[in-house]
There are 2 protein chains.
Amino acid sequence: MPIRSVDLERVRALSLFAGISDDLFRDVLGGAFLQRFPAGTTLLTEGDPVDFLYVLLDGAVELEGTWNDKATTLAVLTPVSTFVLASVVLDSTGLMSAHTLETSNILMVSGEALRRAMRRDAGFCFTVAQELAGCYGGVVRALKNQKLRGGIERLANYLISQQARQGGDATFTLPHEKRVLASLLGMTPENLSRAFASLGDYGVTVNGPQVTIGRPTPLQRLAKPDLLIDSRPPAGEAALSAAEVERWTGAAQVRAAS
Amino acid sequence: MPIRSVDLERVRALSLFAGISDDLFRDVLGGAFLQRFPAGTTLLTEGDPVDFLYVLLDGAVELEGTWNDKATTLAVLTPVSTFVLASVVLDSTGLMSAHTLETSNILMVSGEALRRAMRRDAGFCFTVAQELAGCYGGVVRALKNQKLRGGIERLANYLISQQARQGGDATFTLPHEKRVLASLLGMTPENLSRAFASLGDYGVTVNGPQVTIGRPTPLQRLAKPDLLIDSRPPAGEAALSAAEVERWTGAAQVRAAS
DNA sequence: CGGCGAATTGACGGACGTCAACTGCTGTGG
DNA sequence: CCACAGCAGTTGACGTCCGTCAATTCGCCG
């Protein structure tokens, strides 16, 4: 499948590649190829070797971890995002499974070529390091989100993030199936339903995938969004539980008195 | 405080610095200084700028995240470990607070010098990227541990890891206060007590900080340790919830049937 | 000797998972 | 065109896990 120059531009615009020379860019993407996958395709399974850096150009990809016959969603990626960068840099096995949620166009970049470029060009290598540091921060935020907040609080913060990301209108639409959202937030679908119902008291109404936040203030007071958990990572490699909060309306930054 | 050459050797042995030239090593550590902190000292607080890469040479350091007046332990570091590498690479603010649990000797390395070295030497930069990728994997493991396992299962796996790390003897000693362990495992101290009591049925007996695993097999069957959650990161920058499992005695690798 | 903090234990309540039944939508085949 | 199967989502009942509050014990240090 030939790579359209439009798509190449979009890859080039990623922070990972924005700063490098045309020569190096051609070099890294030389052996790359574009592939189209139907919804529900498994791209990677946990523990298998990773040979490519993946770049999602269209569609949606879910990253999930499993243990003891249970699965949990660690991230849902939207275009344009790269994934499994860490495994590529270490030339090791993947930590999560990846499968498409919708039919998706994905660019597959040779991991070997990427590592070669890193060894040759310190500037590019530095950019990769920054990207990885950003991803690290994203997962740390997700871990804090999971350990410190209850289910309803996680949902409330997710809604506030989504609202901001989609332009700030009072009503917006959930980007994924509710069962995926539930797994991402670390709860069961049944519990997500109940959590939505609870948020009715805070002015949230739900109609299928349409959510409207009637009274932002009480919801904010419940959610207590925090720069150190909910801030947006600089777009590029997808950070876990990526959230955007354009501005906080009086979110008190509280610090624990050890 | 002068840096003893013994300590310098130990820093040099870290995977971060093992591969670089003597010149570059001197360059990075040129402005570094050693400092001694009493127990309970706050080294960094969440959200503040990070100017140094920290290297723990003696003692113990706790990394914690806070939200809404609650705190959770994200990692407990033991010598020799570096920390806040990601923040240094991004030249940004810290994601977690750090404070000493015991009196500690800590080497403080100029973040600016580190970044300069990365830009100059692609090989070193690559090593930093690998280190960051390893850290990333560590947090992903911690997140899976938190989302997929219950409290008792997390404790069981922690005990198995500690036993292996300390040489495999049936009885070993917990390295930290139980309240710190509880926070690391994502539960309250009261709940940790009860979890220990529950493990009595699986042959675990507790006596102060002394733990002995009487019958390993039933405990393993409960814990279901998993290479993709509990494997050991290559020592260096401290990975979150670092665990060591030398060998698994029949840990079935189960995969979720989506 | 007195006091403080860590750890344990019990009682209680709330949060969350599980099981089951029901609704509504969609795509398929008769 | 309609009947039906299948799946997502919701709701209710129930049990379990876990956090909170309180009381007690123990060891350590002043």
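The chains referred to below are lettered A, B, ... by the order of the sequence lines, with proteins before strands, and numbering in each begins at 1. All figures in this text were calculated on a predicted structure; none of them were measured in a lab.
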When all nucleic acid strands are considered with a 4.0 Å heavy-atom cut-off, which category describes B/Gly208: base, sugar-phosphate, or nothing?
nothing
When rounded to whole Å, the CG to P distance for the pair B/Leu181 and C/dT8 reads 11 Å
Take the angle between the ring planes of B/Tyr54 and B/Phe83 and call it parallel below 30°, perpendicular above 60°, tilted in between.
parallel
Separation of C/dA6 atom C1' from B/Phe196 atom CZ, nearest Å, is 14 Å
Would you confirm whether B/Lys144, through its side chain, and A/Leu95, through its main-chain N or O, come within 3.5 Å as a donor-acceptor pair?
yes
Rounding to an integer number of Å, can you tell me how far B/Arg179 CZ sits from D/dT20 P?
14 Å
B/His176 NE2 to C/dG5 P, in whole Å, measures 22 Å
In whole angstroms, how far is the P atom of C/dG24 from the CG atom of A/Asn207?
13 Å
Quick one: is D/dT10 close enough that its OP1 or OP2 comes under 4.0 Å of any side-chain N or O from A/Lys178?
yes
Between C/dA15 atom C1' and A/Gln146 atom CD, what is the distance in whole Å?
14 Å
Side chain of A/Met187 - closest among D/dT10, D/dC21, C/dG17:
C/dG17
Which one, D/dT10, C/dA6, D/dA8, comes nearest to the side chain of A/Glu177?
D/dA8
Assess whether atom CG of A/Asp201 is packed by more than 12 heavy atoms of other residues, nucleotides or ligands within 6.0 Å.
yes
Looking at A/Asp230 and A/Arg149, does any basic side-chain N land under 4.0 Å from a carboxylate oxygen?
yes
Ignoring backbone atoms, establish whether B/Thr188 has a side-chain N or O less than 4.0 Å from OP1 or OP2 of D/dG19.
yes
Nearest whole angstrom, please: distance from the P of D/dA8 to the CG of A/Leu101.
12 Å
C/dT18, C/dT8, C/dA6: which one has an atom nearest the side-chain heavy atoms of A/Arg194?
C/dT18
Whole angstroms only, please: what is the CD1-P distance between A/Ile152 and C/dG17?
12 Å
Taking the side chain of A/Glu190 as heavy atoms from C-beta outward, which of C/dA7, D/dG9, C/dC19 is closest to it?
C/dC19
Minimum heavy-atom separation for A/Asn105 to A/Arg36, with atom names?
OD1-NH1, 2.8 Å
